[in-house]
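The structure under discussion appears below in the form of structure tokens.
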2 protein chains.
Amino acid sequence: MPPAPVARGKILRAFAELLTDSGERAATLDAVAARAGVSKGGLLYHFPSKDALAEGLAAHLRELTEADVAVMRAAPAGPVDYLLRTSTATDGDFEVVYLAVSRLAQGAYPHARAALDDAHDAWVEAVAEEVGDPTVARAVVLLSDGLYARTALGAGGPRVTDDDIDALVDLVGVLAAARRG
Amino acid sequence: MPPAPVARGKILRAFAELLTDSGERAATLDAVAARAGVSKGGLLYHFPSKDALAEGLAAHLRELTEADVAVMRAAPAGPVDYLLRTSTATDGDFEVVYLAVSRLAQGAYPHARAALDDAHDAWVEAVAEEVGDPTVARAVVLLSDGLYARTALGAGGPRVTDDDIDALVDLVGVLAAARRG
DNA sequence: GTCTATACCCAGATAGAC
DNA sequence: GTCTATCTGGGTATAGAC
């Protein structure tokens, strides 16, 4: 796919931010256009319908996932550390889009669910290579899902700190060792 | 609070089901009224606005949480087993309402976030008494959150089975033992 | 306590100018 | 490729009958 106009990217970013910050209900075409700095007409030139916009975001997640999993596999501290640590990030292109698509997946957007499942599978695979046990790998990815869920609720309750993540990574180490031994 | 009319309960139930099954967008007053078997006017008699309806559901979650945590503490196989096993249930009053309030918490409903945080805290406390380690307790509740998140996505990908839960409960046992030892 | 009818507004989408 | 103007449907809320 050639060039891909700048406006397209700004629109997807704005849509993703609104979804994660304020929920499905707040992510209207008007609001997305305003945040992206274009008119509603301009938005509808790039994405002819709201469904098209949602599919565009799901497709964008697939691209980002491919890149992110590659980084994860090459991470110095290993996939587990990388996955758990990024599961509490609120900035970062990947995290914003992942959370946004999670919101869409709760509504009437099957594409979103499929893109999410694929990311999930890729994570389980990469983590399993590190910990050497499929059950532990699934548990790690479930932890990641839990962290994402908490993070997404935002500034309300007690935030998850870096120290908490350190402790979780330790726990996974203990677990993998116990399983191997 | 005296009697609490039957219609009120049916309305809250219908609202919760629509939220969990189809998302925030689909849970309109029209749809809720239709599913509850009342008219829109009838609904608005019990809950004078949509905000009031959302607050009603959050309050309902608080009631259910109190009862559920009591059951959890008394569960024969222990809180961990109980929590993880119920985190994949899609029927059950508590689970439906919990997931529904999770949806609301993503939007503009601060009450929902608060009710969720309280449930979370109660779980961590109950689990900590069993496993004897606050970090492991937090990890278990994060696993529960992850399971809820997966469950909520519905029939799409590979479902979490009872055997998977057995394996997770085992894992937690290994972890708690390793920590104590 | 529950209904019908209606007012009002906003979200999604179209048409066509520039 | 981006804009303004406009139409249409549906979602929230009110008024008032029963």
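Chain letters run A, B, ... following the sequence lines, proteins first and then strands; every chain starts at 1. Quick caveat: nothing in here was measured; it's all calculated off a predicted structure.
Atom CZ of Arg13(A) is surrounded by more than 12 heavy atoms from other residues, nucleotides or ligands within 6.0 Å. Within a 6.0 Å sphere centred on CD of Glu129(A), other residues, nucleotides and ligands contribute more than 12 heavy atoms. For NE2 of His46(A), the number of neighbouring non-hydrogen atoms (other residues, nucleotides, ligands) closer than 6.0 Å is greater than 12.
For DNA chain C, the neighbouring residues in residues 46-53 of chain A, judged by any heavy atom under 4.0 Å, are Ser49(A), Lys50(A). Of the residues in residues 34-45 of chain B, those lying under 4.0 Å from DNA chain D by heavy-atom distance are Lys40(B), Leu44(B).
Under the ring pair (Phe, Tyr, Trp, His ring centres under 6.0 Å) criterion, Tyr45(A) pairs with no residue, sequence neighbours left out. For the salt bridge (Lys or Arg N to Asp or Glu O under 4.0 Å) test, no residue two or more places apart in sequence or in another chain qualifies with Lys50(B).
Between Tyr148(A) and Trp123(A), the ring planes are parallel. Angles under 30° get that label, and only those over 60° would be called perpendicular.
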Using atom types as modelled, flag every donor-acceptor pair under 3.5 Å from a side chain in residues 173-181 of chain B to any protein atom, sequence neighbours excluded.
| residue | atom | partner | partner atom | Å |
| --- | --- | --- | --- | --- |
| Arg179(B) | NH1 | Asp133(B) | OD2 | 3.2 |
| Arg180(B) | NH1 | Val131(B) | O | 3.4 |

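Glu24(A) places its CD atom 20 Å from the P atom of dC10(C), with the value rounded to the nearest Å. Put simply, CZ on Phe15(A) is 13 Å from C1' on dG12(C), counting in whole angstrom units.
Taking every heavy atom of both residues into account, Tyr109(B) and Leu104(B) meet most closely at CD1-O, 3.4 Å. The nearest pair of heavy atoms linking Ala36(B) to Ile11(B) is CB-CA, 3.9 Å.
Between the Asp118(A) side chain and the Ala115(A) main chain, no donor and acceptor come within less than 3.5 Å of each other.
Note that the first and last nucleotides of DNA chain D, 5' to 3', having any atom under 4.0 angstrom from a heavy atom of chain B are dG11(D) to dT14(D).
Using a 4.0 Å heavy-atom criterion, one finds that Arg25(A) contacts the sugar-phosphate atoms exclusively.
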